[in-house]
Amino acid sequence: MNDLTSETTFADAPSIIDPGLDPGHPRHASNPTAAALSLLDLHYEAFYDVEPFASQTGHPVPMDTRGWSQILASVLSGINGLARQKGADLADGSDVKGANTWKAIDTPRFNGVIKAGTKALTSDKIESLDVMPHLYLVLWDQTIRDTARCRIWVVRPQHDVLFRGICTNWYDKRTADEISSTNFQLHPPRRNDSNVIRNSCGNLEYPLYFCADVPTAKANVTA
DNA sequence: TGTAATTTGGGGCTCGGGAT
DNA sequence: ATCCCGAGCCCCAAATTACA
């Protein structure tokens with residue numbers, strides 16, 4: 001077990017940004033930020049508790065970034081998941097994308113950010129963005145200060161002109177056969193403190209919705 | 001100083017897991 | 001059967017560094 005001391009928990013993290021939540025949203029806890037930090041501590045502990053076993057047995061560390069990201073987004077936003085339906089991740093139609101660089105071999109990125117190549121009516125159409133109030137981009141990485149960090153940026157696909165422009169650009173390239181992939185990827189600012197999220201169709205810069213980090217005293221950090 | 005070697009980052013694609 | 005998802009693998013081009 002990691003006997004995490006008070007200095008090594010997200011709950012006492014040196015930098016926390018309290019997200020500006022939409023007014024009127026229900027909340028899961030009286031203090032969503034504190035709840036999120038508890039969740040992050042659990043995630044960090046689970047990851048680095050199992051990591052030695054994975055390492056010794058030559059297996060990848062079980063992560064389930066998708067699940068942790070979705071729960072975290074729900075805790076912070078107050079919007080639950082859709083328990084038993086296909087489609088969106090959150091009940092209001094919002095989507096959550098996650099990526100984790102901890103012990104990663106390749107450079108993690110947000111995969112399949114917009115709908116393409118499926119049989120859904122709005123697939124490959126900009127209209128697919130019109131039913132998505134928010135798009136949460138959740139990134140776990142390490143900082144140059146040897147801290148483990150979790151950051152979230154939030155896109156408003158219905159309103160953000162730049163984001164819609166990038167998506168239109170990408171969809172157009174697919175129509176024109178310049179892009180055959182159905183996987184629209186965004187590259188997060190891994191390791192550095194930038195808020196620029198990149199794609200060759202255009203770059204995005206968003207303010208942080210949430211950020212917390214914790215010293216990696218026990219973690220053997222490898223970029 | 002020009003060229004070769006290496007690093008870095010973006011992107012396509014696939015795999016395995018999970019769900020409906 | 002279909003859809004969704006994130007990570008890994010491979011490839012390529014640009015940028016950077018090493019070296020003659």
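These numbers come from a predicted model, not from an experiment. Atoms considered below: every heavy atom in the structure, side chains included; atoms not considered: hydrogens, waters and symmetry mates. Just so it is clear: chains get the letters A, B, ... in the order the sequence lines come, proteins before strands, and each one is counted from 1.
The CD1 atom of A/Ile105 sits 11.5 Å away from the NZ atom of A/Lys103 when rounded to the nearest 0.5 Å. Going from atom NE2 of A/His43 over to atom CD1 of A/Ile71 covers 10.0 Å, rounded to the nearest 0.5 Å.
For B/dT8, neither phosphate oxygen OP1 nor OP2 lies less than 4.0 angstrom from any side-chain nitrogen or oxygen of A/Arg191. The side chain of A/Lys115 contributes an N or O atom lying less than 4.0 Å from OP1 or OP2 of C/dC4. At least one side-chain nitrogen or oxygen of A/His187 sits closer than 4.0 Å to the OP1 or OP2 atom of B/dG10.
What separates CG of A/Asn183 from P of B/dT14 is a distance of 11 Å, to the nearest Å. To the nearest angstrom, P of C/dA7 lies 10 Å from CH2 of A/Trp140. Whole-Å rounding puts the A/Asn100 CG to C/dG8 P distance at 10 Å. Distance A/Arg109 CZ to C/dA7 P: 10 Å, rounded to the nearest Å. Taking atom CZ of residue A/Arg198 and atom P of nucleotide B/dT8, one finds them 14 Å apart after rounding to whole Å. Taking atom CG of A/Asp89 as the reference point, atom P of C/dC4 lies 10 Å away to the nearest angstrom. Look at CZ on A/Phe184: it is 17 Å from C1' on C/dC4, rounded to the nearest Å. One interatomic measurement links the two molecules: CD1 of A/Ile114 to C1' of C/dG6, which rounds to 17 Å at whole-angstrom precision.
A/Asn199 comes within 4.0 angstrom of the backbone, heavy atoms only, and of no base. Among the atoms of the strands shown, only primed sugar atoms or phosphate atoms (P, OP1, OP2) are found under 4.0 Å from some heavy atom of A/Thr65.
Comparing A/Gln185 and A/Arg190 along DNA chain B, the residue whose closest nucleotide (by nearest heavy atom) sits nearer the 5' end is A/Arg190. Mapping A/Ala116 and A/Met63 onto DNA chain C by nearest heavy atom places A/Ala116 closer to the 5' end of the strand.
The base of C/dC9 sits with one of its N or O atoms less than 3.5 Å from a complementary donor or acceptor on the side chain of A/Asp106. A donor-acceptor contact under 3.5 angstrom links the side-chain atoms of A/Asn111 to the base of C/dA7.
The ring-ring contact (aromatic ring centres under 6.0 Å, His included) check on A/Phe47 picks up A/Trp102, with sequence neighbours excluded. A/Trp170 meets the ring-ring contact (aromatic ring centres under 6.0 Å, His included) test with A/Phe184; sequence neighbours excluded. Under the salt bridge (Lys or Arg N to Asp or Glu O under 4.0 Å) criterion, A/Asp130 pairs with A/Arg164, not counting sequence neighbours. For A/Arg66, the salt bridge (Lys or Arg N to Asp or Glu O under 4.0 Å) criterion is met by no residue, not counting sequence neighbours.
Comparing C/dC5, C/dC9, B/dG12 against the side chain of A/Ile105 picks out C/dC9 as the nearest.
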Taking only nitrogen or oxygen atoms into account, show me every contact under 3.5 Å that the protein makes with nucleotides 13-17 of chain C, one pair per line with its distance.
none

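Between the side chain of A/Asn31 and the backbone N or O of A/Thr33, at least one donor-acceptor pair lies under 3.5 Å.
Within the structure, every pair that satisfies the salt bridge (Lys or Arg N to Asp or Glu O under 4.0 Å) test and touches residues 133-144 of chain A, not counting sequence neighbours, is listed here: A/Asp141-A/Arg149, A/Asp141-A/Arg151.
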